[in-house]
*Asks:* 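The structure that follows is given in the form of structure tokens.
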Amino acid sequence: MGKGGPMENPEAGPSRSGGLPSSVPLRQGSATRLGAYLRRLREGYGYTLRKVEEQALALGEPIDNSQLSRFEKGKATPSFEKLRALARIFNVPVQNFADILDLEAFAPHKPQESDFEALLRQGRQLASRGDHGPAFVTFERALEVVEAEGGGPETTERILEARWRMVGSLWALGKLSLAESELRQLLREPSLSPRLRVRTLMLLGYVYHERGDRYLASVIARECLDLAIEQEDLLTQARMLNTLANISYDGGDFERALAYYTRTAEVLERGSVEPGMRLTVETNLAGCLVASGRFDEGVRRLRAAYAEASRQGLRRVAALAMNRLAEAYARHGDSRRAQEALAESDALASRREGSYHDILFMNAYVRWQLARRAGNTTRERIAFGRLRHLRPLVERRFPEVEAFDRYVERHRREHA
């Protein structure tokens, strides 16, 4: 499953670059963003420019301290070879640099105001609507504002809050490698509050789940759930219950998933939550009802969730509800209604401000399965081509991705 909204696997926004080419032409803004990231990595390790120079030389890729200084200031662009060396020095995947470059696409959405609390509210509103790219740069602006304020415990807490929000947006955009690196840095912060610590662990659990490590994800989810109960943190309790439900669903245990989704909804009824959260859980629960054989009830609740999400402008949840509805009709043998729901889901998931590639992949997967069952080889080839196109853009590993990967690998072996 792993298809939830703001609570679990929320948004898959811009495409992942899948790595950097050997020559990377960058706009000045991209070089500046990459430079700032390199500086944060270096300072996080407590390295001087000279220390990095020494380590780079030991790796056989000379990077003198003046050159690195120009990289950090955005005045020069590292080659792929130098980025690869820097990735080894700072123990991060080279994919992180590609993800950093992708974020420049959202720079035009970055606000210029200087009210920290207002920026946080604006970022949360954007995130709740599924606009996680604009949300990221809004939280980034909040970080810039608070960093300019000076020191003090309150300032430190605000800095960590803004950083946590930024990481949440990275995760929501599907940039799992970069999000994991940032989460591990946050967990090393001695000033991280108990509230932010449990929520950082929560996001780390999401990352493991979406990479297919359900066991480790479930261990972290249970730990976070216990801590959230101790802290009376209803929001995190709901998120962890939803995660455990998704893990159970992915494993085919629909009854256990249904129990977890029901508990999640009960927790949400006990406190106020951000827009879209209840509808996300309702969509998950309704899809689970269909999978467990309660077709009519599941379809009715999916349609209601879609209508309410559309009314509130929650594009991600509405697209997800239509995907689940298409799956329901496909299970029931109603190809016409399934195709209608898929068309609506595609329209919602494909937007200039950020496409949800995971939902588009799931839609293509349903089309592929429908074509195979109908013996329509032309539509099967078209859907398969669409899946091949979308696969590099999806880092998450939900059941449709795993099934497609197994099919491709089996086909490759048979024709080797």
Side-chain angles (χ1 to χ4, degrees), residues 1-11 124 127-128 160-161 164-165 167-172 176 179-180 182-184 186-189 192-289 291-292 317 320 396-399:
M1 193 179 193
K3 309 170 187 175
M7 299 181 62
E8 171 70 351
N9 195 19
E11 319 299 334
R124 289 196 299 266
S128 72
L160 294 173
E161 175 77 23
W164 183 82
R165 295 283 177 184
V167 179
S169 295
L170 289 174
W171 159 68
L176 302 184
E180 181 180 1
E182 296 294 297
L183 288 167
R184 292 194 177 282
L186 269 176
L187 288 171
R188 289 196 294 266
E189 293 287 347
L192 197 65
S193 68
R195 178 183 68 88
L196 283 180
R197 185 167 295 279
V198 71
R199 293 192 176 188
T200 301
L201 282 170
M202 172 193 74
L203 287 179
L204 191 59
Y206 288 171
V207 169
Y208 284 127
H209 179 209
E210 290 162 5
R211 284 184 165 174
D213 192 338
R214 293 171 194 156
Y215 173 75
L216 190 52
S218 66
V219 169
I220 293 178
R222 293 178 193 282
E223 178 184 353
C224 284
L225 178 59
D226 290 341
L227 291 171
I229 291 172
E230 288 179 12
Q231 297 176 19
E232 298 182 350
D233 183 345
L234 293 178
L235 179 62
T236 304
Q237 289 178 45
R239 284 172 167 166
M240 291 298 91
L241 287 166
N242 187 71
T243 298
L244 290 167
N246 285 348
I247 292 170
S248 297
Y249 187 102
D250 287 353
D253 191 343
F254 302 134
E255 290 305 317
R256 176 172 291 186
L258 197 56
Y260 274 128
Y261 286 134
T262 302
R263 283 182 62 190
T264 307
E266 291 170 353
V267 169
L268 290 175
E269 289 299 321
R270 292 159 50 193
S272 60
V273 294
E274 295 173 356
M277 191 164 291
R278 287 193 179 88
L279 284 174
T280 297
V281 175
E282 176 64 16
T283 299
N284 288 341
L285 193 153
C288 193
L289 285 170
S292 61
V317 184
L320 179 63
R396 295 183 169 99
R397 295 193 62 82
F398 41 86

*Asks:* To the closest 0.5 Å, what do you measure between OH (Y206) and CG (N242)?
*Replies:*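 If we round to the nearest 0.5 Å, Y206:OH and N242:CG are 7.0 Å apart.
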*Asks:* Quick one: side-chain contact (heavy atoms from CB on, under 4.5 Å) partners of L234, sequence neighbours excluded?
*Replies:*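 Per chain and number, L234 pairs via side-chain contact (heavy atoms from CB on, under 4.5 Å) with Q237, V267, R270.
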*Asks:* Among residues at least two apart in sequence or on other chains, which ones pass side-chain contact (heavy atoms from CB on, under 4.5 Å) with L216?
*Replies:*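 side-chain contact (heavy atoms from CB on, under 4.5 Å) check on L216 returns Y208, D213, I220.
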*Asks:* Quick one: which residue pairs count as a side-chain hydrogen bond (donor to acceptor under 3.5 Å, both in side chains) with a foot in residues 217-232, not counting sequence neighbours?
*Replies:*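 Checked against side-chain hydrogen bond (donor to acceptor under 3.5 Å, both in side chains) - neighbours excluded - the pairs reaching residues 217-232 are R222-Y260.
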*Asks:* In Å and rounded to the nearest 0.5 Å, what is the CG to CG distance from N284 to L258?
*Replies:*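 The distance works out to 11.0 Å.
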*Asks:* Distance from T243 atom OG1 to E210 atom CD, nearest 0.5 Å?
*Replies:*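 The OG1 atom of T243 sits 8.5 Å away from the CD atom of E210.
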*Asks:* Considering residues, nucleotides and ligands other than R263, do more than 12 of their heavy atoms fall under 6.0 Å from its CZ?
*Replies:*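 Counting neighbours around CZ of R263, 12 or fewer heavy atoms of other residues, nucleotides or ligands fall under 6.0 Å, so no.
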*Asks:* Side-chain contact test, heavy atoms from C-beta onward, threshold under 4.5 Å: evaluate it for L204 versus L187 and give yes or no.
*Replies:*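 Sidechains of L187 and L204: in contact.
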*Asks:* In chain order, what residues pass the side-chain hydrogen bond (donor to acceptor under 3.5 Å, both in side chains) check against E189, with sequence neighbours excluded?
*Replies:*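 Partners of E189 by the side-chain hydrogen bond (donor to acceptor under 3.5 Å, both in side chains) criterion, ordered by chain and then number, come out as R163.
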*Asks:* Not counting sequence neighbours, which residues clear side-chain hydrogen bond (donor to acceptor under 3.5 Å, both in side chains) with S292? List them please.
*Replies:*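 side-chain hydrogen bond (donor to acceptor under 3.5 Å, both in side chains) list for S292, sorted by chain: empty.
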*Asks:* Among R124, R195, R199, which residue meets the salt bridge (Lys or Arg N to Asp or Glu O under 4.0 Å) test with E161?
*Replies:*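 Only one of R124, R195, R199 forms a salt bridge (Lys or Arg N to Asp or Glu O under 4.0 Å) with E161, namely R195.
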*Asks:* Using side-chain contact (heavy atoms from CB on, under 4.5 Å) as the criterion, list what pairs up with A291, not counting sequence neighbours.
*Replies:*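 Only Y249, F254, R331 meet the side-chain contact (heavy atoms from CB on, under 4.5 Å) criterion with A291.
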*Asks:* E282: which residues meet the side-chain hydrogen bond (donor to acceptor under 3.5 Å, both in side chains) condition with it, sequence neighbours left out?
*Replies:*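 E282 satisfies side-chain hydrogen bond (donor to acceptor under 3.5 Å, both in side chains) with R301 once adjacent residues are dropped.
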*Asks:* For E269, what residues pass the salt bridge (charged side-chain N to carboxylate O under 4.0 Å, His left out) criterion, not counting sequence neighbours?
*Replies:*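 R278.
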*Asks:* Holding to salt bridge (charged side-chain N to carboxylate O under 4.0 Å, His left out), I want the full list of residues that pass it with R214, two or more places apart in sequence or in another chain.
*Replies:*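 R214: salt bridge (charged side-chain N to carboxylate O under 4.0 Å, His left out) contacts with E402.
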*Asks:* What heavy-atom pair brings C224 and M240 nearest, and what distance separates the two atoms?
*Replies:*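 In this case the closest contact between C224 and M240 is CB-SD, 3.4 Å.
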*Asks:* With rounding to the nearest 0.5 Å, note down the distance linking CG in L186 to CG in L196.
*Replies:*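 Taking CG in L186 and CG in L196, the distance rounds to 8.0 Å.
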*Asks:* If you take all heavy atoms of A238 and T264, which pair is closest and at what distance?
*Replies:*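 Looks like O-CG2, 3.3 Å.
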*Asks:* So which pairs with a foot in residues 252-261 pass salt bridge (Lys or Arg N to Asp or Glu O under 4.0 Å), sequence neighbours left out?
*Replies:*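 Matches after skipping sequence neighbours: D253-R256.
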*Asks:* What pair of heavy atoms forms the shortest contact from A265 to V281, and how long is it?
*Replies:*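 Of all heavy-atom pairs spanning A265 and V281, the closest is N-CG1, 4.1 Å.
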*Asks:* Looking at A245 and A257, what are the two nearest heavy atoms and their distance?
*Replies:*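 For A245 and A257, the tightest heavy-atom pair comes out as O-CB, 3.4 Å.
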*Asks:* Roughly how far apart are T236 OG1 and L203 CG, rounded to 0.5 Å?
*Replies:*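 The CG atom of L203 is 9.0 Å from OG1 of T236, to the nearest 0.5 Å.
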*Asks:* Any chance you could measure H209, atom NE2, to L176, atom CG, to the nearest 0.5 Å?
*Replies:*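 It comes to 11.5 Å.
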